[in-house]
Number of protein chains: 4
Amino acid sequence: MSNLRNSVQLIGRLGKDPEIKVFDSGKKLATFTIATNSAYRNNKGDKVEEVQWHNLVMWDKLADIAAQYLKKGSEVAIEGKLVHRSYETSEGEKRYTTEINVNDIVMLGGK
Amino acid sequence: MSNLRNSVQLIGRLGKDPEIKVFDSGKKLATFTIATNSAYRNNKGDKVEEVQWHNLVMWDKLADIAAQYLKKGSEVAIEGKLVHRSYETSEGEKRYTTEINVNDIVMLGGK
Amino acid sequence: MSNLRNSVQLIGRLGKDPEIKVFDSGKKLATFTIATNSAYRNNKGDKVEEVQWHNLVMWDKLADIAAQYLKKGSEVAIEGKLVHRSYETSEGEKRYTTEINVNDIVMLGGK
Amino acid sequence: MSNLRNSVQLIGRLGKDPEIKVFDSGKKLATFTIATNSAYRNNKGDKVEEVQWHNLVMWDKLADIAAQYLKKGSEVAIEGKLVHRSYETSEGEKRYTTEINVNDIVMLGGK
DNA sequence: TTTT
DNA sequence: TTTT
């Protein structure tokens with residue numbers, strides 16, 4: 001419940017349509033990425049554009065919202081929890097990934 | 001500058017003393033990890049404790065603060081930017097890591 | 001500097017065009033209000049729309065941005081500091097007001 | 001539900017013990033104030049300490065937490081919603097007040 | 001006073 | 001892979 005100890009807010013756009021999975025249990029999962037853009041001047045005074053791509057996951061009701069309303073290019077604001085996970089590759093190697101488990105989303109730019 | 005597009009807030013404790021590096025340019029870097037704790041009930045009703053360890057980086061003046069005031073066990077609140085980076089292992093394999101580039105820190109539990 | 005101790009984030013729309021003042025010192029001030037909307041179901045199950053109007057103030061470079069880009073109906077995300085002030089009415093009575101001193105703004109809904 | 005459109009985070013200390021009310025309906029309400037401190041240098045270069053006092057309200061389970069654990073001087077982090085209300089004085093005059101309706105609280109400095 |  |  002405590003968003004205060006671990007909270008991420010992002011404003012950005014989807015790189016692709018969300019992928020939706022429905023599990024046998026009925027649980028629904030939407031995964032997608034969003035880009036956040038920033039610009040700064042380097043030590044030569046040139047403007048540098050920087051993009052970060054973030055992995056987002058949304059469950060159940062939020063996955064329904066993703067399935068219905070979100071698509072490639074959609075602008076959203078999200079709040080979520082930062083989660084670091086490990087998994088094994090098919091070759092048996094351990095890999096790490098970071099995802100944002102979304103708690104709340106606002107669709108932006110609606111007319 | 002825009003924290004609004006990409007902002008993380010965490011409240012937690014350091015796992016170890018910060019590591020401090022000073023570059024030839026004079027730039028200073030502090031790196032450390034903090035743990036954020038949360039508790040929830042699983043579908044059997046049992047309480048589950050979950051810990052997430054986050055990689056933090058602090059530059060220059062903030063690195064000085066880290067060097068002077070932070071040590072293993074210190075409780076802090078931080079605000080930062082979520083940054084995903086890739087690097088090559090010594091075997092030439094590409095790996096990914098996620099760090100929080102800290103903009104602001106508050107030391108807690110003082111006095 | 002510390003946004004961590006006192007930080008407000010809002011996403012909403014301007015009720016009117018910003019008002020801009022330039023002081024003799026050259027300092028520039030923009031003031032305006034934004035509405036944040038929320039919806040909930042009351043205990044009868046009816047949907048209730050709730051609007052909150054917030055007083056925002058932006059100084060100097062941010063005031064320039066307000067003057068150039070913001071107008072009635074514009075959708076924005078802002079981060080700022082919550083400030084409670086008192087002042088005297090022309091009748092000499094003390095009154096209190098709450099404002100958000102904006103640190104950062106993102107304009108939303110640009111195609 | 002959407003914290004994203006209207007969200008306040010504060011870190012500070014209680015000015016007094018919380019006041020607790022229990023309504024006939026069984027609903028419970030805790031009210032208290034917290035101070036947030038900041039320091040900056042004025043245009044003469046002198047350090048200026050600034051304190052803001054914020055009105056907080058917590059309902060039901062959160063009110064229980066306030067009643068049990070919070071007292072004058074307690075250091076807390078809170079997340080809540082910014083709410084502006086009007087009421088009538090006993091002389092029939094309209095007054096305005098701003099409160100933060102707390103959604104989440106973390107007690108700091110424990111042990 | 002905004003907007004959906 | 002988004003967008004300006």
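Below, chain A is the first sequence line, B the second, and so on; all start at residue 1. What you see below is based on every heavy atom in this structure, not just the backbone, and it leaves out hydrogens, waters and symmetry mates.
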Please report, rounded to the nearest Å, how far the [atom2] atom of [N] is from the [atom1] atom of [X].
X: R5(D); N: dT4(E); atom1: CZ; atom2: P; result: 11 Å
X: L10(C); N: dT1(E); atom1: CG; atom2: P; result: 22 Å
X: F32(A); N: dT2(F); atom1: CZ; atom2: P; result: 16 Å
X: L4(B); N: dT3(F); atom1: CG; atom2: P; result: 22 Å
X: I34(C); N: dT1(E); atom1: CD1; atom2: C1'; result: 12 Å
X: E75(A); N: dT1(F); atom1: CD; atom2: P; result: 21 Å
X: M107(A); N: dT4(E); atom1: CE; atom2: C1'; result: 11 Å
X: L108(A); N: dT2(F); atom1: CG; atom2: C1'; result: 14 Å

Report task. Can you sort out the partners of Q52(D) under side chain to side chain donor-acceptor pair (under 3.5 Å), two or more places apart, ordered by chain and number? Result ->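 Counting only residues at least two positions away or on another chain, Q52(D) forms no side chain to side chain donor-acceptor pair (under 3.5 Å).
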Report task. Could you list the residues that satisfy side chain to side chain donor-acceptor pair (under 3.5 Å) with R41(D), not counting sequence neighbours? Result ->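 Not a single residue meets the side chain to side chain donor-acceptor pair (under 3.5 Å) criterion with R41(D).
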Query raised in the report: Between dT3(F), dT3(E), dT1(E), which nucleotide has the shortest distance from any of its atoms to the side chain of K16(C)?
Result: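 Closest nucleotide among those given: dT1(E).
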Requested in this report: Select one nucleotide: of dT2(E), dT1(F), dT3(F), the one nearest the side-chain heavy atoms of T33(A).
Outcome: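 Nearest to the side-chain atoms of T33(A), counting from C-beta on, is dT1(F).
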Report task. Return the set of residues passing side chain to side chain contact (heavy atoms under 4.5 Å, CB included) with K71(C) (not counting sequence neighbours), or none when no residue passes. Result ->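 Partners of K71(C) by the side chain to side chain contact (heavy atoms under 4.5 Å, CB included) criterion, ordered by chain and then number, come out as D17(C), S74(C).
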Report task. Check side chain to side chain contact (heavy atoms under 4.5 Å, CB included) between K61(D) and all other residues, then give those that pass, not counting sequence neighbours. Result ->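 Residues passing side chain to side chain contact (heavy atoms under 4.5 Å, CB included) with K61(D): none at all.
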Query raised in the report: Under 3.5 Å, is there a donor-acceptor pair between the side chain of N42(C) and the main chain of D46(C)?
Result: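 Yes, N42(C) side chain to D46(C) backbone: donor-acceptor pair under 3.5 Å.
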Query raised in the report: Knowing that exactly one of N55(A), L56(A), I11(A) qualifies, which makes a side chain to side chain contact (heavy atoms under 4.5 Å, CB included) with I34(A)?
Result: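 Exactly one candidate clears the test, L56(A).
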Query raised in the report: Base, sugar-phosphate alone, or nothing: which one does K72(A) contact when heavy atoms must sit under 4.0 Å apart?
Result: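 Sugar-phosphate contact only - K72(A) comes under 4.0 Å of backbone atoms but never of a base.
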Report task. Quick one: label G12(C) by what it contacts on the DNA or RNA (base, sugar-phosphate, nothing), any heavy atom closer than 4.0 Å. Result ->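 No contact.
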Sequence neighbours excluded and cut-off under 3.5 Å, please list the side-chain donor-acceptor pairs for residues 19-33 of chain A, or say none.
unit_1: S25(A); atom_1: OG; unit_2: K27(A); atom_2: N; d: 3.2
unit_1: K27(A); atom_1: NZ; unit_2: D60(A); atom_2: OD2; d: 3.2
unit_1: K28(A); atom_1: NZ; unit_2: D64(A); atom_2: OD1; d: 2.6

Query raised in the report: Among residues 46-58 of chain C, which residues get a heavy atom nearer than 4.0 Å to DNA chain E?
Result: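 Under 4.0 Å from DNA chain E: V51(C), W53(C).
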